[in-house]
Amino acid sequence: MSDLSYRDWPFLEERHRDYAARLEAWAAAQIGMAVHPHRDVDAACTELVRKLGAGGWLAAAVPADGVFDVRTLCLSREILARYSGLADFAFAMQGLGTGSITLHGSNELKARILPDVCAGRRIAAFALSEPDAGSDVAALSTTATRVADGWRIDGEKTWISNGGIADHYVVFARTGEAPGARGLTAFVVEAGTPGLTIGDRIAVIAPHPLATLRFDTCVVPDANRLGAPGEGFKVAMGTLDIFRPTVGAAALGFARRAMDEATERAATRMMFGKPLAEQQLTQAKIADMALGIDTSALLVYRAAWKRDVRGGRITAEAAMAKLHATETAQRIIDDAVQIFGGLGVKQGIKVEELYREIRALRIYEGASEVQKLIIARQVMAARGS
Ligand code: COS
């Protein structure tokens with residue numbers, strides 16, 4: 001069992017400890033610790049969204065009062081990721097795919113969409129990346145042009161999680177009020193809107209629903225706009241600020257599970273007449289794992305606490321949490337595979353699954369290199385340069 005003493009840290013309150021214990025019990029009963037091969041990820045993901053909704057857990061990702069408690073989001077992702085990467089994904093996407101609506105949608109839009117997402121009856125998606133604009137959001141080229149009955153969207157989005165199974169997409173497009181970052185606007189596009197088609201489904205090392213979207217004269221009403229025209233970049237960045245620490249939390253969940261698996265193995269696997277855990281090279285790995293997990297948790301819950309308690313932007317703290325926790329989890333999982341030896345790369349073994357699950361987290365929602373750029377800019381801005 002993982003070391004849960006971090007839940008006593010001052011970043012968390014009693015209500016968080018209570019929530020974590022309840023979610024832990026639910027996940028143990030409803031998801032379990034097994035490796036899930038998920039032959040049909042669309043069906044598995046849809047079922048997990050439904051289960052999470054029925055259990056009431058999506059309320060953290062889609063808060064009814066419009067106020068995110070980032071610590072609860074982080075605890076949710078950390079706990080779910082320890083059980084199943086796909087369960088974490090299903091939870092996270094309901095939040096990321098509605099965060100901009102929660103923060104910037106009209107009351108009518110919120111009433112129409114959010115309760116169903118929260119109940120697990122509607123699947124959400126966030127469509128920002130394009131074939132030629134991933135990290136460089138300001139370079140995106142999908143356009144939205146004002147027409148009599150709303151906005152006409154044309155272009156292509158890719159790497160869209162829940163692409164193909166989502167009921168709506170939060171889409172960022174160039175509306176041209178100014179060049180670059182100041183000329184983007186966000187819209188809700190319902191699945192099935194004429195002109196929106198699902199292109200290639202993308203198969204990745206840790207399978208989850210992922211697709212390319214095409215927009216060809218796809219008209220949405222002005223009522224589906226999120227925020228003012230030209231404010232789309234800030235809508236996207238403000239949403240990512242909330243969800244970036246939660247990516248770190250998911251990585252932390254993977255890392256804790258890897259350490260649990262590795263220490264169990266090290267305690268029982270005999271080599272050269274004694275358990276692996278008594279060999280110094282294994283002890284060094286275990287020490288690095290414990291240290292990496294605590295430093296990641298400190299950064300994740302520091303960012304979440306700051307946003308919840310102090311308010312305002314947490315751009316640098318969120319970037320640090322995501323960067324450190326994802327990079328560290330990759331190393332921890334790699335060490336866990338090493339401790340398992342040949343078994344560590346066998347299909348059906350948890351550390352093999354974690355090894356595939358962690359990789360994308362160092363890329364999505366801002367690659368590690370982008371997080372460094374963001375941190376450096378924040379440091380220089382704080383210095384007044
Ligand atoms: N919250 C609110 N506003 C923000 C913000 C944030 N986190 N980050 C930037 N802004 C504002 C800036 O203050 C600036 O406002 P003004 O025009 O009023 O000065 C504006 O947005 C433009 O910011 P900036 O000049 O920093 O834009 P850049 O194009 O240089 O930004 C980075 C570059 C790399 C920071 C940005 O593109 C980024 O975060 N990329 C990663 C995106 C990502 O996560 N992609 C994955 C797709 S989602 S899975």
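As a basis for the values below, the full set of heavy atoms in this structure was taken, side chains included, without hydrogen atoms, waters or symmetry mates. Being a predicted model, the structure only gives us computed values, none of them experimental. Just so you know, ligand 1 is whichever comes first in the structure, and atom 1 is the first atom listed for that ligand.
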Less than 3.5 Å apart, which donor and acceptor atoms pair up between the side chains of residues 49-59 and the rest of the protein, not counting sequence neighbours?
residue: Arg50; atom: NE; partner: Glu47; partner atom: OE1; Å: 3.2
residue: Arg50; atom: NH2; partner: Glu47; partner atom: OE2; Å: 3.0
residue: Lys51; atom: NZ; partner: Gln30; partner atom: O; Å: 2.8

Exercise answer, ligand 1 polar atom pairs (N/O) under 3.5 angstrom:
residue: ligand 1; atom: 7 (N); partner: Asp241; partner atom: OD1; Å: 3.2
residue: ligand 1; atom: 7 (N); partner: Asp241; partner atom: OD2; Å: 2.9
residue: ligand 1; atom: 7 (N); partner: Thr315; partner atom: OG1; Å: 3.3
residue: ligand 1; atom: 17 (O); partner: Arg182; partner atom: NE; Å: 2.5
residue: ligand 1; atom: 17 (O); partner: Arg182; partner atom: NH2; Å: 2.7
residue: ligand 1; atom: 18 (O); partner: Lys234; partner atom: NZ; Å: 2.8
residue: ligand 1; atom: 19 (O); partner: Arg182; partner atom: NH2; Å: 3.3
residue: ligand 1; atom: 26 (O); partner: Arg377; partner atom: NH1; Å: 2.8
residue: ligand 1; atom: 30 (O); partner: Arg377; partner atom: NH1; Å: 2.9
residue: ligand 1; atom: 30 (O); partner: Arg377; partner atom: NH2; Å: 3.1
residue: ligand 1; atom: 37 (O); partner: Ser135; partner atom: O; Å: 3.2
residue: ligand 1; atom: 39 (O); partner: Arg244; partner atom: NH2; Å: 3.3
residue: ligand 1; atom: 40 (N); partner: Ser135; partner atom: O; Å: 2.7
residue: ligand 1; atom: 44 (O); partner: Arg244; partner atom: NH2; Å: 3.0
residue: ligand 1; atom: 44 (O); partner: Gly366; partner atom: N; Å: 2.9
residue: ligand 1; atom: 45 (N); partner: Gly134; partner atom: O; Å: 3.2

N/O donor to acceptor pairs below 3.5 angstrom from side-chain atoms of residues 231-239, sequence neighbours left out:
residue: Thr239; atom: OG1; partner: Ser100; partner atom: OG; Å: 2.8
residue: Thr239; atom: OG1; partner: Val235; partner atom: O; Å: 2.7

So the salt bridge (charged side-chain N to carboxylate O under 4.0 Å, His left out) pairs with at least one residue in residues 120-136 (sequence neighbours excluded) are Asp116-Arg121, Arg122-Glu190, Glu130-Lys157
Are Lys306 and Glu317 ion-paired here, with the side-chain N under 4.0 Å from a carboxylate O?
yes
Show, in sequence, the C-alpha distance, side-chain angles and deciding distance for Phe172 and Phe126, and conclude whether the ring pair (Phe, Tyr, Trp, His ring centres under 6.0 Å) test is met. CA-CA 9 Å; Phe172 296 84; Phe126 183 79; 5.2 Å; yes
Practice task
May I ask you to check whether Phe187 and Trp151 place their ring centres under 6.0 Å from each other?
Solution key: yes
